[in-house]
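Here the structure comes first, spelled out in structure tokens, and everything after it is commentary.
Counting convention: from 1, in listed order, for ligands and their atoms alike. What you are looking at is a predicted structure, and each value in this text was computed from that prediction instead of being measured.
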Amino acid sequence: MKRIVIAIDGPAASGKSTTARLVAGRLGYLHIDTGAMYRAITLKALQRKLDINDRGLIEDLARGSEIHLEKLNGALRVFLDGTDVTGAIRSREVTASVSTVSSYAGVREVMVREQRKLAGQGGVVLEGRDIGTVVLPHADLKVFMVANVRERARRRRKDLMATGIQANEEELVSEIEARDRKDSTRATSPLRKADDAVELDTSDLTIDQQVEFIVTRARTIIG
Ligand code: DC
């Protein structure tokens, strides 16, 4: 059976990760969270107390790092230079700096090369900001997920609270808007809907409905 490539892009907290994970599970595909890769480099820069505004320094850091995604006991784990950083990359400090780190062309070059390698065999669901436009412009199915910012802040707050972190919804709205602005206006591979992507507004959808929407389309393509 044909094993297709699915690209899911969209703004911050639009539900991409959960949806991509469940779609991959339903189809028996590999889920690749590309945002986690940018987060891992950001974490490394912060741990080393590097100036994240120093483009050259951060690009060198990315070139000298090994990021590895692995499915363990059904969950995706992220390894940075051999250390499991799955939890650490979700901190608010990393979230606040990742848009700057991911705006550097040298960083993106390293990540995109790795992402294309991972997608090479097909049977994958990649999620991020530039998958359908830059990383895999020939993906078999492209989905652009959106949701209103209030709903996205609410979901992000719920996720944070599940990990024991308290957050104010108004602050999250500002953070999400700031990140979207930065991700959409950067010079290299800005967040943009590919012309041939299907838009999925999840503001009023349940997770099951989002997953069903994508799986149905995927199955039509698989035939
Ligand atoms: O999906 P996320 O929130 O974990 O992504 C973190 C950041 O990484 C996001 O603000 C922008 C960047 N990113 C990117 O530039 N390109 C991608 N393909 C994925 C994420």
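Other members of the cluster containing V149 are V173, I176, with ILVMFWY side chains joined at under 4.5 Å, either directly or via other members.
If you check the side chains of D201 and S203, you find a donor sitting under 3.5 Å from an acceptor.
Electrostatic pairing of R179 and E175 does not count as a salt bridge here, judged by no charged N lying under 4.0 Å from a carboxylate O.
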message: Set out, in order, the CA-CA distance, both residues' side-chain angles and the distance that settles side-chain hydrogen bond (donor to acceptor under 3.5 Å, both in side chains) for H68 and E66, then state yes or no.
response: CA-CA 6 Å; H68 178 67; E66 204 244 325; 4.5 Å; no

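When heavy-atom distances to ligand 1 are checked against 4.0 Å, the residues falling inside are T34, G35, Y38, R39, R90, V98, S99, S102, R108, G128, R129, D130, R179, D183, R186, ordered by chain and number.
Between the side chain of R186 and the backbone N or O of S189 there is at least one donor-acceptor pair closer than 3.5 Å. Side-chain atoms of S184 do not come within 3.5 Å of backbone N or O of R181 as any donor-acceptor pair.
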